[in-house]
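Computed from a predicted structure; not experimentally measured. Lettering follows sequence order; numbering is per chain, from 1.
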Number of protein chains: 2
Amino acid sequence: MKTWVPILNGSGFGVNNLPYGVFSRRGELPRVGVAIGEQVLDLADLAAAGLLADRRWFAAGSLNAFMAAGRTVWQPTRERIITLLTDVSYRDEVEPHLSPVADVELHMPFEVADYVDFYSSREHATNLGRILRPDSEPLLPNWRHMPVGYHGRAGTVVPSGTPVVRPYGQHRGQEGPVFGPTAKLDIEAEVGFVVGTPSAYAQPVPTAGFRDHVFGFVLINDWSARDIQAWEYQPLGPFLAKSFATSISPWVVPVAALEPARVPPPEQDPEPLPYLRCDEPWGLDVTLQVDLNGHVVSRPPFAGMYWTPPQQLAHTTVNGATLHTGDLMGSGTVSGPRRDQRGSLIELTWNGDEPLELPDGTKRTFLEDGDTVRIQATAPGLDGMPIGFGDVTGTIYPAVR
Amino acid sequence: MKTWVPILNGSGFGVNNLPYGVFSRRGELPRVGVAIGEQVLDLADLAAAGLLADRRWFAAGSLNAFMAAGRTVWQPTRERIITLLTDVSYRDEVEPHLSPVADVELHMPFEVADYVDFYSSREHATNLGRILRPDSEPLLPNWRHMPVGYHGRAGTVVPSGTPVVRPYGQHRGQEGPVFGPTAKLDIEAEVGFVVGTPSAYAQPVPTAGFRDHVFGFVLINDWSARDIQAWEYQPLGPFLAKSFATSISPWVVPVAALEPARVPPPEQDPEPLPYLRCDEPWGLDVTLQVDLNGHVVSRPPFAGMYWTPPQQLAHTTVNGATLHTGDLMGSGTVSGPRRDQRGSLIELTWNGDEPLELPDGTKRTFLEDGDTVRIQATAPGLDGMPIGFGDVTGTIYPAVR
């Protein structure tokens, strides 16, 4: 597949990717587009010009209507866009609907219904267990039997670039709690997937139903206040330590684009219960990169995640809980076995005991005001062309009262 | 205040209450109404007839648009409805817009944005601590310093009457987990409030902002699978044990209707941090009643809750988390000090060790297939007329696979 759109060598946005997003040109309403090279293709205008079958999905401020339409719409739409961008006979008609990404504003790509966050990296769960519960087994007894997860706050999932204001909260003090801005503001580098097709009430979705229900993947930075978390999380789990902001990347990479990135996941021992077994390998060879103020601090390997996305989906619905369009499920922090593969600062600095030294001579335990974090990722794609994700960035603003 | 609508003595739906809901007549689209006596007043038709200022809020399948309009709309609307129902000169114009509740279908009253569930009864938290962690202090160190809470699944909040299908899940077995239908299906009798007016990004809402943001109250049955919960809840909190279904009552009681029910809450020791202090008493003298298959099993007193709704709201936003229209916050199980005031079966039967004997001669530890649970509530209202809540009911259906 070769597109007539000029694409830089090594671009993660070739015609084999075509991630969906929501963008606007100055003074215009947001609409749906796909990224191609350094440009965005306006699907609303394409549909209005009669080049796509249906306009309803694209002249919208979110992807939700298109996501809800289901796989029988996603698949022919993707094929049609590929045709339009590879068959040079369409060039004259299509080219006017391309805008440089640099000239548009990218918005929240979809409305989040429920947000579930998992804890599926064995290395991350083990590190956190060692740090937070040093006197006991790092992995709790349930961890190897299920993808442990919980609900986060859907209403504070924000698009890349949204300022992150340092949150206030209660932390453990010498004599009872103290109240103030968090001193342990952290990141969690994650990969998430978003549900398109809803499920029926009280009907579990099997692992084999993943492609029917899931629209695509995004990157997530699940900002975390570790001191608030340590004080509040027993017995009902993290709440305010996470709920102030969760950033996602602006482009949703279609499941179809990641098929060439599927790899066998780590062996699971003990063998999971039948409802968690998969007929196909669903590890995904996505390599993340975490930059702090422009310096690479980690390259977490998503391929090493113990629990895979179809297992997370099947677990979430095994009790009959319904899926809704816009449900976002995060992998949990992606961490590998090496220090430079850890996806959070609490792991990279071992809860602050081993500060990171940045090439500019500064040191970090946790985030300081003004710090900017960028997470990006790449995966192998069709024909050897890499699949890129949109970057998810955020800058820390001082606490306000 | 006296209404010209015929009202049975002791009705909880006098003109001092006027809860909002969404209903439909056979073959018609859902719209917004208020309950008055045994009837429902059609606000969409009233507005179309020019008797209410604005039609947009009411010809809708949910209360969300009206809730989002804010207190400056809620207050005059309530005053106008009171006038229409008390000034007999309006009777001829208004009466055609009343329908017997028995003739209409009641729907989900609002779309839930985020669902937060608290744990604010000291008696309930103490009982659960004793049952689940018998060897340690029942109340964890954070409990007296903050209204402990967590996010539940918004997408499975369902209206009263929705069947509750017994969920499958993992439970702890002799050697690792077993998979099967829950054997410990339970209820949690709660009172919840719903947010109307959103808040700004990174701007906490103080306790004094409660009336500006909160639209009204509902009853909640937070169905719980105790065996699934015990196995999964460490370290991230309850997930599948709760996410299969949460039922709410069909009528939203306005905050204004409950003003006469405000009472001093229990003394808080230690004194809470400044952001959790209230200038006004916000205990609410609501008495719940839990019926199992028609037999009263408990009368939990909401007035005894340790943490109050304004404290829950202020805590949820103290980290800057935004509020959205439709955010639902549940109190957590309401339990009083006496056995017949406990709001869950795990407490009433002490985790099954002390079965309940029902007047029909049957015994219960947890719920059996075919059981029906009904939660109702009443509070003192203006002029000595009680304030009723809509009942929240649910019947258990057998597990399906």
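- Proximity to chain B (any heavy atom under 4.5 Å) is shown, for Tyr397(A), by neither the backbone nor the side chain.
- Put simply, the side chain of Arg153(A) never gets that close to the backbone of Val116(B): no donor and acceptor are under 3.5 Å apart.
- Between Tyr201(B) and Val164(A) the shortest heavy-atom distance is OH-CA, 4.2 Å.
- Contact of the Gln170(A) side chain with the Val318(B) side chain is not registered, since no non-hydrogen atoms from C-beta on lie closer than 4.5 Å.
- Note: Ser243(B) leads Pro181(B), Ser243(B), Pro204(B), Ala245(B) in heavy-atom pairs under 4.5 Å with chain A.
- Looking only at heavy-atom pairs under 4.5 Å with chain B, the residue among Gly155(A), Ala202(A), Gly320(A) that has the most is Gly155(A).
- Counted within 6.0 Å of CZ on Arg166(B), heavy atoms from surrounding residues, nucleotides or ligands total more than 12; the atom is thus considered enclosed.
- For residues 141-148 of chain A, a heavy-atom distance under 4.5 Å to chain B picks out Pro141(A), Asn142(A), His145(A), Met146(A), Val148(A), given by residue number.
- Across Gly169(B), Gly152(B), Pro163(B), Pro167(B), the residue that shares the most heavy-atom pairs under 4.5 angstrom with chain A is Gly152(B).
- If you take OG1 on Thr156(B) and CG on Asn319(A), they are separated by 8.0 Å, rounding to the nearest 0.5 Å.
- Ranked by heavy-atom pairs under 4.5 Å with chain B, the list Ala113(A), Pro198(A), Gly149(A) is led by Gly149(A).
- Within the 4.5 angstrom heavy-atom criterion, no atom of Val112(A) approaches chain B.
- For a heavy-atom cut-off of 4.5 Å, chain A lies close to Arg133(B), Leu140(B) in residues 123-140 of chain B.
- Both the backbone and the side chain of Thr316(A) come within contact range of chain B, with heavy atoms under 4.5 Å apart.
- Taking NZ of Lys242(B) as the reference point, atom NE2 of His151(A) lies at 12.5 Å (rounded to 0.5 Å).
- Of all residues in residues 226-241 of chain A, those placing a non-hydrogen atom less than 4.5 angstrom from a non-hydrogen atom of chain B are Trp231(A), Glu232(A), Tyr233(A), Gln234(A), Pro235(A), Leu236(A), Gly237(A), Pro238(A), Phe239(A), Leu240(A).
- Within 6.0 Å of CD in Glu111(A) there are 12 or fewer heavy atoms belonging to other residues, nucleotides or ligands.
- Among the residues in residues 270-278 of chain B, those with a non-hydrogen atom closer than 4.5 angstrom to a non-hydrogen atom of chain A are Leu273(B), Tyr275(B), Leu276(B).
- No side-chain heavy atom of Tyr115(B) sits under 4.5 Å from any side-chain heavy atom of Asp114(A).
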